[in-house]
Structure formats: C-alpha cells, structure tokens
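Quick caveat: nothing in here was measured; it's all calculated off a predicted structure. Naming: A, B, ... by sequence-line order, numbering from 1 per chain.
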Protein chains: 2
Amino acid sequence: MSAENSVGCVTPQTVHFNGPLRLRSGAVLPAFELAYETYGTLNAARSNAVLVCHALSGSHHVAGCYADDPENIGWWDNLIGPGKPLDTNTFFVVGVNNLGGCYGSTGPLSINPETGRRYGAAFPLVMVEDWVAAQARLADHLGIDTWAAVIGGSLGGMQALEWSLQFPDRIRHALVIASAPKLTAQNIAFNEVARQAILSDPDFHDGYYADHGVIPVKGLRLARMVGHITYLSDSQMAEKFGRQLRHGQHRFSYDIDFEIESYLHHQGNKFAGFFDANTYLMTTKALDYFDPAYDYQGNLAAALARAKARFFVASFTTDWRFAPARSREIVFALLHNRLRVVYAEIDCDAGHDSFLLDDKHYHAVLRAYLENIVV
Amino acid sequence: MSAENSVGCVTPQTVHFNGPLRLRSGAVLPAFELAYETYGTLNAARSNAVLVCHALSGSHHVAGCYADDPENIGWWDNLIGPGKPLDTNTFFVVGVNNLGGCYGSTGPLSINPETGRRYGAAFPLVMVEDWVAAQARLADHLGIDTWAAVIGGSLGGMQALEWSLQFPDRIRHALVIASAPKLTAQNIAFNEVARQAILSDPDFHDGYYADHGVIPVKGLRLARMVGHITYLSDSQMAEKFGRQLRHGQHRFSYDIDFEIESYLHHQGNKFAGFFDANTYLMTTKALDYFDPAYDYQGNLAAALARAKARFFVASFTTDWRFAPARSREIVFALLHNRLRVVYAEIDCDAGHDSFLLDDKHYHAVLRAYLENIVV
C-alpha cells in the first residue's frame with residue numbers, strides 16, 4: 001500500500017436490520033447484520049456512491065488498512081483511493097461483507113438466536129439475489145437511493161449484473177469484470193469437487209463443527225487448492241513455477257517435490273486458517289445457481305431486457321475459469337437490448353485473478369470509464 | 001463389443017521374474033510378477049509384436065472379454081481385433097499391467113515376502129522408466145527381440161516414447177497419442193490435489209489401509225472426480241451435461257443438483273470400488289517425474305537424439321490436459337533429429353479421453369499408419 005494515495009486507516013462498521021428477509025430458497029431471516037466500510041464522502045446530492053461487491057473469499061475490507069493491524073490491507077486497495085482509478089476524491093465507496101459471510105456479517109458462524117449456539121449448517125443458503133437484496137437494505141440505511149455504480153469481479157460481477165436486474169432504477173453503471181452470466185458444467189464440476197472435499201472431511205460434522213470445537217481444515221485446504229488451479233492461467237503457472245523442484249531433486253516420496261505443490265499447500269493452509277467452511281459451501285452454491293436467464297428459457301437477452309444501467313464489461317485473455325467468451329455473452333445480450341456497453345478484453349497473463357491486479361491497461365480502461373461517470 | 005471382429009474370449013497370464021530390478025528411485029525389487037494378455041499370433045520371424053501400454057487406470061486387459069465375465073471388455077477393444085486398426089490378423093498384440101499396478105502385476109496390494117502382509121506404502125515408487133524396464137523383461141520372456149510397435153495414449157504414450165529412448169534397437173515404431181514430453185505445473189497441480197485427497201483421508205492410514213481392512217474411499221473418489229474434469233473437454237461437458245438439473249429444480253442443499261455432479265459422483269464411486277489408492281498415488285508421481293529432457297538441461301531434442309524408431313504422434317484439439325501443443329513439442333524435437341514422424345492433430349470433441357474413442361478420423365489415420373508397418 002502506497003501511503004500517498006491510500007484511503008489510510010479505516011474502521012469497519014456494522015448495521016443491524018430487523019425486518020425479515022425472505023431468501024430465494026424460501027427461508028426467512030428475521031434479522032441480520034452487515035459489516036461494511038466506506039471510503040470518501042457521500043456528496044450532498046447522494047449521487048456519488050459506488051458499491052464494491054466481493055467474490056468468493058473477499059470481504060468488506062476493500063481498501064486502506066486498520067490502525068491496529070496496518071498489514072491488513074483491503075483486497076482491492078490498488079484500485080481505490082485518492083487519485084486511483086476508483087477515486088475516493090470523487091466517489092463515496094462502500095464495501096460490504098455479504099450475508100452468510102464470515103467476516104462480520106450474519107452467517108453460519110453467528111449465534112442462532114433460536115438455539116444460542118452457532119448456526120453452522122442451520123444457516124440458510126443465501127444466493128446472489130439475496131446478497132443484492134441485503135445490499136439494498138444497506139443502501140437504504142446509508143441514504144443512497146441510486147448507486148452511481150456497482151462494481152465487482154468474478155462472483156462480484158454477478159452481483160453487479162444482478163443489481164441491474166433486481167433494482168434497475170437504483171444503479172446507473174454496472175461494472176462486471178472477469179465474470180459470467182452463469183457457470184458452465186466444468187465450473188460447477190470444480191465447485192462440486194471443492195464441496196465434496198469439505199463435506200467428506202470427518203471434522204465437518206455435518207456443518208456443526210463449531211459445536212465440536214474443530215474446523216474441517218483438510219477439506220478447506222483441498223477446496224482452496226482446487227480453486228487456485230482455476231484462478232491462475234496455465235501459462236502463468238508455467239512461468240512462475242514450471243517444473244522447479246523445491247529440493248533440487250526428485251525425492252520419490254509424497255512430500256512436496258515441485259514448487260507448484262508448495263504454492264498450493266501454502267494457499268490451502270492459509271485459507272483454512274481464516275475462512276469458514278459453511279460460508280465456502282454456500283458461496284459455491286450461489287455461484288452454481290446464479291443464472292438470470294433461468295426463468296427465460298435460457299434466453300439471456302430476454303433476461304437482461306429490464307436492465308437500465310450502463311455497463312462496463314471486462315475480461316482477461318488468459319482467464320479460463322470465466323473466459324472472455326463468457327463476458328461476450330453478456331455483452332451480446334446487453335447490445336441486443338440496445339443498452340450502452342463498454343467492453344474490454346484485456347491481454348493479461350494472470351488468468352482469473354487478473355481482475356485483482358493493477359495491470360496497466362486494465363486500470364487505464366477502468367479509470368477512463370469511471371472518470372466519465374457523472375456524479 | 002462386436003463379436004464379428006473381436007479377439008473373443010481371452011485369458012490373462014502371469015509371468016514371474018526372479019532377477020532383481022533396480023528402480024529409478026534406487027530401490028531394488030528382488031522379484032516380481034507381471035500380468036499380461038496376448039491377441040493374435042507371433043509370426044515365425046517374431047517381427048509382428050505390438051506392445052500396448054496403459055494409462056493411469058488401464059490394465060493388461062486391452063481387448064476381448066473373459067469367458068466367465070463377458071461384460072468385462074478390454075479398454076481398447078475398439079482398436080484391436082481382426083480387421084480393426086490394430087489388426088490381430090497381422091499383429092501379435094501384448095497388453096501388460098504395469099509393475100506397481102493393481103490388476104495382477106506385483107504392486108502395493110501384493111504380499112510383501114519380508115513381512116507376510118500386503119506391501120501397502122512399503123511398495124517402492126515405480127516410474128515410467130521402470131515400467132519400460134519391466135516390460136523389456138516380458139519381451140524377453142515372450143521371445144520378442146524387437147517390437148514392431150509400442151503404442152499408448154496419455155501416460156501410455158510416455159511409455160512408448162521411453163521405449164524409443166531406453167531401448168532404441170528394440171522398437172521399430174513408437175505411437176505416442178494424446179501425450180506430452182513432461183507435465184506442466186498445472187498438470188502437476190491437479191495430481192497433487194488428487195494425492196492430497198487420498199493422503200488426507202483418515203482411512204488411508206499412511207498407506208497401510210489394507211492392514212486395517214479399509215479403503216480410503218472418499219479420497220479415491222475425490223481424486224477421480226478431479227481427474228475426470230481434466231479428461232473431458234469444456235465443450236463436451238457443456239454439450240453432455242450443460243446445466244441440466246437432476247431433479248428439475250434448485251434444491252438449496254448440498255445434495256446433487258446438476259447432472260454433471262451426478263456424473264462425477266458416479267465415476268468417483270465406481271473408481272473407488274476397484275482401484276488401489278497406493279497405485280494411484282504412485283502413478284501420479286510417475287506422471288509428474290517423467291521428463292526425458294531432465295538430464296539434458298531441458299533440451300528435448302538432445303534427449304531424443306538417441307531414438308531410432310519411426311514415430312506416430314497424435315493429439316486432439318479439445319484435449320486441455322495434454323494439449324496439441326504438447327505433442328508438437330515432441331514432433332519438433334523428433335524432426336530436429338531427422339527422425340521420421342507422422343503427426344495428426346485430430347478434431348474431436350471429447351478432450352483427453354478422445355484417445356479411447358473410435359472417432360472415425362482418428363481410427364482412419366491410425367489404421368493407415370499401422371497398415372504400413374512391415375512385419
């Protein structure tokens with residue numbers, strides 16, 4: 001984090017909502033809390049608010065750091081701050097931890113008021129549509145009638161798209177980055193492997209591991225390892241790790257031989273140390289189920305007909321999780337509806353994770369688009 | 001299996017070798033057995049023998065069926081038989097279960113003469129080079145000085161390539177199909193996920209599960225599910241399964257929703273019912289380690305300089321596990337050495353598994369090549 005254009009120290013906040021929230025599954029949450037952060041200042045016209053939606057492992061801590069934890073820098077800090085592409089001199093930026101998350105919003109780790117114990121598997125499945133409905137409550141709370149923009153990458157991009165459909169009059173610009181209008185069979189297959197890794201871990205205890213004082217570490221680790229393979233591009237993996245040996249030789253054992261194995265173990269162990277398994281399971285289901293065209297016989301153009309926002313869609317050439325072709329599907333459907341779209345296909349080597357990096361071209365097009373948003 | 005051009009009922013055989021086999025790892029097997037099958041007749045000149053090498057889950061049962069188990073048809077039966085591309089009217093075809101396998105050759109499930117119990121994790125790691133060395137013993141036993149051809153797909157292709165390097169004077173044609181000269185970081189990453197799934201299964205017992213009367217079913221199942229994702233192409237998965245729902249609706253649970261999940265579960269469960277976990281682990285390591293250019297500073301052309309065989313190399317356009325580019329690396333290195341190569345890049349939708357199918361073009365080029373082998 002460069003101090004000179006950082007939002008600096010930030011303080012997470014929590015808001016409690018008492019009204020019930022009916023979820024897509026039919027379940028009802030009588031009350032819930034959302035953890036969020038804001039950067040910049042809401043202008044008098046309340047016309048400069050931008051919502052940042054997070055992906056699978058993200059949180060409301062999008063930019064800046066914490067006074068008591070200066071190394072804990074927001075996950076999109078390279079994008080957000082004074083003078084950065086999403087400029088906090090212009091915009092009032094809101095980050096939120098999604099409902100069902102494990103960073104402070106009500107989720108499986110929260111206390112179930114009905115039992116006095118952690119929800120665990122009793123927490124209802126929360127889908128993309130539900131996240132957006134909950135985020136709308138946050139907008140109400142903050143006095144934001146219309147977002148200048150909603151922006152997100154990957155699963156976050158699905159939320160930006162969903163905003164344009166569920167609340168077409170409350171969003172002026174939707175920025176959908178490294179995303180897809182729905183998962184492919186292959187995407188779902190990877191998610192199912194990750195889920196099975198967690199579900200079959202004996203420490204999972206049917207989702208009530210907290211009651212047993214354990215965490216399904218092995219399952220979470222495996223799930224994250226699978227995930228990371230799909231986040232990186234084949235070419236970047238080859239360049240970064242290739243067939244480099246950790247100890248200079250083949251060791252004829254099942255210990256770590258290759259650097260890529262070491263990397264995956266590191267990522268898996270780190271993740272298992274902080275992420276909640278039930279939240280992970282739920283989030284993969286939210287990904288699997290998201291499909292705005294589902295009620296339109298698969299016709300995405302028909303599904304997007306109710307959108308009114310202007311769109312920025314971006315994809316990355318080496319992203320094989322949500323390949324450029326998936327973004328183009330969104331673009332075609334938007335154009336079919338004569339909606340205004342800027343589409344950028346960015347030549348970046350980092351695969352799906354490119355959306356988190358400060359690639360020069362990527363940030364330049366994002367900056368250009370955001371600078372043109374009237375506030 | 002069509003009866004009219006089938007090799008018919010076959011009988012597996014076993015041969016015992018008493019001389020010690022020094023393995024690449026440095027370990028020595030004092031004695032071992034290989035299970036094998038043969039189809040067709042060895043001619044008087046002993047010049048018509050073809051060795052078929054199997055991939056990860058294959059065996060010596062390559063063609064035909066068993067009298068007492070007529071449904072158990074060889075894994076490459078569509079290729080091998082009277083009048084088929086690998087014509088048993090012309091060739092004497094040999095299938096062998098690799099050393100360390102779990103279909104009858106000595107492996108982790110065999111009794112360790114030193115302990116009187118199953119080897120389990122005490123069975124030494126056997127690499128591609130070792131398989132080929134053991135296959136050479138089988139050739140000696142069968143009185144085959146020189147193979148007319150050695151053929152294999154995927155890991156089997158690596159063995160065909162290794163034959164051309166380890167025994168350049170004992171192989172006239174090497175058929176290397178859907179293969180690669182070494183794994184990429186991404187390939188290794190997938191293998192490591194599969195291994196960790198098995199290693200972290202509590203029923204694995206450090207590889208001595210047989211002593212506990214259990215099988216690491218969950219780990220094996222996960223490993224196979226990951227594998228299957230990489231065997232199929234994205235497009236074929238989309239076509240075969242798409243987002244089809246098993247029960248016609250989203251069920252908001254972690255049970256099977258999508259057909260692709262059902263398919264993976266089925267494949268995983270089936271595999272866990274018959275394959276040995278230690279053999280699986282070992283085989284993935286054999287894949288990871290295989291790299292003929294390792295001793296040549298990564299220079300594949302230099303590594304292949306000692307080959308004398310003629311080559312048939314084939315790849316499949318939708319194979320992303322061992323993409324056509326990987327086959328082209330082999331072709332370039334062979335051409336660099338002025339070796340004779342036929343290369344076919346086949347437009348087939350079935351991904352890596354294409355090599356097992358009877359795609360018309362694929363079988364036509366294979367047939368054309370094999371018909372031209374002088375016996």
Against chain A, label [X] side chain, backbone, both or neither, depending on which of its atoms sit under 4.5 Å from a heavy atom there.
X	value
Y254(B)	both
Y294(B)	side chain
L183(B)	both
L281(B)	both

Specify which of [options] makes the most heavy-atom pairs with chain B at under 4.5 Å.
options	answer
H228(A), H265(A), E259(A), E192(A)	E192(A)
E261(A), Q196(A), M282(A)	E261(A)
S253(A), P124(A), G26(A)	S253(A)

Mark yes when over 12 heavy atoms from residues, nucleotides or ligands other than [X] sit less than 6.0 Å from its [atom1]; otherwise mark no.
X	atom1	value
R326(B)	CZ	yes
R22(B)	CZ	no
F332(B)	CZ	no
R24(B)	CZ	yes

Using a cut-off of under 4.5 Å for heavy-atom pairs, which of V226(B), L23(B), D257(B), L245(B) has the most such pairs with chain A?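 Winner by heavy-atom pair count: D257(B).
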I256(B), V193(B), L264(B), T284(B): which one forms the most heavy-atom pairs within less than 4.5 Å of chain A?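 The answer is V193(B).
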Residue pairs involving residues 179-189 of chain B (criterion side chain to side chain donor-acceptor pair (under 3.5 Å); sequence neighbours excluded):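 Sorted pair list: T184(B)-N187(B).
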Minimum heavy-atom distance [X]-[Y], with the two atoms named:
X	Y	value
P202(B)	P202(A)	CG-CG, 3.2 Å
A189(B)	I260(A)	CB-CG1, 3.9 Å
A197(B)	L222(A)	CA-CD1, 3.6 Å

Which residues in residues 232-240 of chain A have a heavy atom less than 4.5 Å from any heavy atom of chain B?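 Under the 4.5 Å heavy-atom cut-off, D234(A), M237(A), A238(A) qualify.
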Using side-chain heavy atoms (C-beta onward) and a distance below 4.5 Å, is F252(B) in contact with M127(A)?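 Yes - at least one pair of side-chain heavy atoms lies under 4.5 Å apart.
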Lys/Arg N to Asp/Glu carboxylate O, K218(B) vs D201(A), below 4.0 Å: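 Judged by the 4.0 Å cut-off on N to carboxylate O distance, K218(B) and D201(A) do not form a salt bridge.
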Between D288(B) and R243(A), does any side-chain N to carboxylate O distance fall below 4.0 Å?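 Looking at R243(A) together with D288(B), the answer is no, because their closest N to O distance does not fall below 4.0 Å.
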Would you please classify the geometry between the H250(A) ring and the Y289(B) ring as parallel, tilted or perpendicular, with 30° and 60° separating the classes?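 Judged by the thresholds at 30° and 60°, the geometry between Y289(B) and H250(A) is parallel.
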To the nearest 0.5 Å, how far apart are CG in D255(B) and CG in L199(A)?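 Taking CG in D255(B) and CG in L199(A), the distance rounds to 9.0 Å.
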Atom CZ of R251(A) and atom OG of S25(B): how far apart are they, to the nearest 0.5 Å?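 Here the rounded value is 14.0 Å.
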